[in-house]
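Here is the structure we will look at.
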Amino acid sequence: MILDEELLGSLTDAQRRAVTHIDGPMLVIAGPGSGKTRVITHRVAYLIRRGVKPYHILAITFTNKAAQEMRNRLTNLHIPPGATICTFHSLAARLLREFSDKAGVGPDFSIYDDADQKAAMRAVLKSCELDTQSNPPGRMLEKISNFKNNLVTPDNLAGEEPEFITKILAGIYRRYQEYLAENNALDFDDLLMKLAFLLRDDAQLRDRLNNRYQYVLVDEYQDTNHCQYQIARGLALNHSNLFVTGDPDQSIYGWRGADIHNILAFEKDYPETGVVRLEQNFRSTPEVLEAADQVIRVNIKRKVKDLLSTRTSGAPCELLHYSSEYSEADGMVRWIKQLLEAGLNYRDMAVFYRVNSMSRVLEEALRLGHIPYQIVRGLEFYHRREIKDMLAYLRILVNPADQVSLVRIINRPTRGIGTTTLNRLLDHSQNTHVTIWQVLSDLEQVGSLGVSARAKVKKFVDLINKLHTYLEKPVAEIMRKTYELSGLEAIHKAECHEEAQANVKELISGAQRYDQETEHPTLSDHLQQISLISDADAYDMEAGSVSLMTLHAAKGLEFPGVLIVGVEDGLIPHTRSLMERQDVEEERRLLFVGMTRAKDRLALSYAGSRSFQGSTSVQILSQFVRGIPGLDHKRGYYDDLDYDSDGTESMDDDYPDETYDFAVGQLVRHPQLGPGRIMEIIPLRKGPKAIVQFQSGLRRTLALKYANLEPYDPYDY
DNA sequence: GGACTCTTGGTTTTT
DNA sequence: CCAAGAGTCC
């Protein structure tokens, strides 16, 4: 224990209490910039120094990137390796692979991404003779995803609701699951669901895993969904050494099934819980925190928490106003140059936006301004055609049952196998209940096939068989051979498609890195890892460039200078969250997360007009920011359109500085009408009126002055 | 069987 | 406005 001081010396009392907590459940409510990552890392280090074997520790992070970083930090602390540090999804993939017999899948299962899922769903709808017009695959999948996130199986569903629509959906869900099983494939949600079921139903396996992972740590617990909740619970059932950290104010994945109640109710779920609050913020200036607090404080569903900056006063936060997204983009370039002059490096700056589509205009401006930048979108690479083609070939090598991948490349490059031939093969497979690969291997059985078609298919089968012989080689080598022998390389060369060649090269060097870093590299394992890569994983801290990313991807990062663009109604909060999900609070949290990434300089910008899907619409400043004090409201410089013809400013007339006691989206109680939610606030000269949607279904417009509304909180803490 | 054009639809966030 | 899917023509 002599070593402890060296490890703990730099920590605050609260951090130290969290790090040194030994047995039993522990909840760390950690505000932004409170050193949460540090606490988790140090805790892992502390446990190991106390004699806990590294392989008894499981730390679950939100992204692969975060896992990688934690591993690096531990190495820097001279902690011996061996702890399992990964995301929920990679953990699930790993365990399902290890216990594939119990999970009812082949160990080399494919992991289907969005596009694969859609292809699978199309095939299912086709086999059910349903058209994709009235049954959009995307919507079906969204519903199915929700079911899976809540551990609802087709069987549960069939019994539950007798409604016609649900019945059809249950049938499709069932067929979809069967189809995936036939393909030896799992989608993202399956990974979690299968593991959760395994932990629930197989006590022997659960005990074994409880024994293996005696200390379980979960980061970003506020963004866990029901599946993940059950997995965490199952893993810690016997020892209760469950250590979770999170911040309810930073829960931004509700739309994906994340349930903020998991963290809010942790103390109830685990009565023995020790709780530590980390409220000091070491990251941001008081100015940044004050602005961020103004945004978040309006939320109802939260535990009130002060953000206490440990830093001295800095620059005021700016609010920049432009006429259009183009002048906003120019403004961004000027903002970057200003910060550069003030002594920051490009890598110290980041620009966040609500939707990916906003990056285009920004990119153009950056290129024009000769500013180095990186767009943090790791998935983009894997969505490219040439990469998907390569991966489809590789998947078939390890998982011949994978029809989705097979269909993708059986005629790519074109080898004369058209839709007719393909359909004959698929039909035969389905009618005789023989896997597609067996059908291909025994073409004589398919009577409907002509001689020439048969020869062409045979050639394809020979190709795959040939590639099979390389399967024991290093992964990079298999890829090289695949690229060459499949003919993909030839068509890329013939088409002078240099970008495609470069991308495949990049894919191969990724494999090379994997080969070197991994103890027992296999193609199958590498493919599964690739499937679980996320956008955020692409962020390169070392690069000397300005980072551009969505607000979601910004989670967990920090930058000396942050600019958030498009702070407008309709974007933050997004129109769709206002319409459908009634979850305006999550949008508020999203902006809060973005703002609290800033260490020293924070700027928000908005444009008076923005073109969107071809048409231009008038935009106004986000309701989240309207009227909050402490923001230095400026027009974008050089932005002629922002000035009236006489040169005077008129902005204050457009956006009254009024502050309301109530906000859109807020839950309120009316003395007579009961609980409801504020849908809209209309500023009038006589005072603001609110449109309130009551729980009873009634919708009324009330003058706030007279309505006697009071804040309503359905959740008691 | 394959390449090309036309149409339609879609508003976000992602493991 | 732009991409994916459907339809059309060779």
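This one's a predicted model, so the numbers in the text were calculated from it and none came from an experiment. A note on names: the letters A, B, ... follow the listed sequences, proteins ahead of strands, and every chain is numbered from 1.
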Expressed in angstrom and rounded to an integer, what is the separation of [X] atom [atom1] from [N] atom [atom2]?
X: A:I530; N: B:dT15; atom1: CD1; atom2: P; answer: 15 Å
X: A:L191; N: B:dT14; atom1: CG; atom2: P; answer: 19 Å
X: A:N146; N: B:dT15; atom1: CG; atom2: P; answer: 17 Å
X: A:F592; N: B:dT13; atom1: CZ; atom2: C1'; answer: 18 Å
X: A:H383; N: B:dT15; atom1: NE2; atom2: C1'; answer: 11 Å
X: A:D116; N: B:dT15; atom1: CG; atom2: P; answer: 15 Å
X: A:F188; N: B:dT14; atom1: CZ; atom2: C1'; answer: 8 Å
X: A:N356; N: C:dC1; atom1: CG; atom2: P; answer: 20 Å

For nucleotides 8-10 of chain C, list the nitrogen or oxygen atoms of the protein found under 3.5 Å from its nitrogen or oxygen atoms, one pair per line.
none

Between [options], which nucleotide has the shortest distance from any of its atoms to the side chain of [X]?
X: A:V355; options: B:dT15, B:dT12, B:dG1; answer: B:dT12
X: A:R576; options: B:dT15, C:dC2, B:dT12; answer: B:dT12
X: A:R354; options: B:dT11, B:dT12, C:dC2; answer: B:dT12

Using a 4.0 Å heavy-atom cut-off, does A:R589 contact any base of the nucleic acid, only the sugar-phosphate backbone, or nothing at all?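 Counting heavy atoms under 4.0 Å across all strands, no contact is made by A:R589.
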
Within the 4.0 Å heavy-atom criterion, would you say A:T421 contacts the bases, only the backbone, or no part of the nucleic acid?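 Contact class for A:T421: sugar-phosphate only.
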
Does A:K194 form a salt bridge (Lys or Arg N to Asp or Glu O under 4.0 Å) with A:D187? I'd like the steps, not just the answer. CA-CA 10 Å; A:K194 296 248 183 214; A:D187 64 22; over 6 Å; no

Taking A:E325 first and then A:R360, would you say they form a salt bridge - that is, a charged N and a carboxylate O separated by under 4.0 Å?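 Salt bridge absent between A:E325 and A:R360.
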
Strictly below 4.0 Å, N to O, side chains only: are A:E363 and A:R367 in salt-bridge contact?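 Between A:R367 and A:E363 there is a salt bridge, with a charged N closer than 4.0 Å to a carboxylate O.
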
So, is A:R360 close to the C:dC1 phosphate, meaning a side-chain N or O under 4.0 Å from OP1 or OP2?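 For C:dC1, OP1/OP2 do not have a side-chain N/O of A:R360 under 4.0 Å.
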
If you measure from the C1' atom in B:dT12 to the same atom in C:dG5, how many Å do you get, rounded?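 One C1' to the other, the span is 23 Å.
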
Atom NE2 of A:H492 and atom CD of A:E489: how far apart are they, to the nearest 0.5 Å?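 A:H492 atom NE2 to A:E489 atom CD measures 9.5 Å (nearest 0.5 Å).
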
Let me confirm one number: the OH-CG distance from A:Y353 to A:L362, rounded to the nearest 0.5 Å.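 Going from OH on A:Y353 over to CG on A:L362, the span is 7.0 Å.
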
Can you tell me if A:W255 is stacked onto the base of B:dT13, using a 5.5 Å centroid cut-off and an angle below 30°?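 It does: the two rings, one from A:W255 and one from B:dT13, meet the stacking criterion.
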
Check for me: is A:H552 stacked on B:dT13 by the 5.5 Å centroid and 30° plane-angle rule?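 No, aromatic ring not over the base.
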
With DNA chain B as reference, determine whether A:K456 or A:R377 sits nearer its 5' end, using the nearest nucleotide of each.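 Taking each residue's closest nucleotide, the earlier one in sequence belongs to A:K456.
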
Want to settle it: does A:F612 or A:N64 sit nearer the 5' end of DNA chain B, counting the closest nucleotide to each?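 Counting from the 5' end, the first nearest nucleotide belongs to A:F612.
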
Do the side chain of A:R256 and the base of B:dT15 come within less than 3.5 angstrom through a donor-acceptor pair of N or O atoms?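 Absent.
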
Would you check if the distance from the ring center of A:W255 to the ring center of A:H574 is below 6.0 Å?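 Ring centroids of A:W255 and A:H574 are no less than 6.0 Å from each other.
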
Distance flag, aromatic centroids of A:F147 and A:Y173, threshold under 6.0 Å: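 Yes, close enough.
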
Please report the closest heavy-atom contact between A:N149 and A:R256, naming both atoms and the distance.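 Taking every non-hydrogen atom into account, OD1-O, 3.1 Å.
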
Shorter than 3.5 Å, N or O on both sides, protein versus nucleotides 2-4 of chain B: list them out with atom names.
| unit_1 | atom_1 | unit_2 | atom_2 | d |
| --- | --- | --- | --- | --- |
| B:dG2 | OP2 | A:N411 | ND2 | 3.3 |

Excluding sequence neighbours, so at least two apart, what forms ring-ring contact (aromatic ring centres under 6.0 Å, His included) with A:H428?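 Per chain and number, A:H428 pairs via ring-ring contact (aromatic ring centres under 6.0 Å, His included) with no residue.
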
So does A:K118 have more than 12 non-hydrogen atoms from other groups sitting under 6.0 Å from NZ?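 No.
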
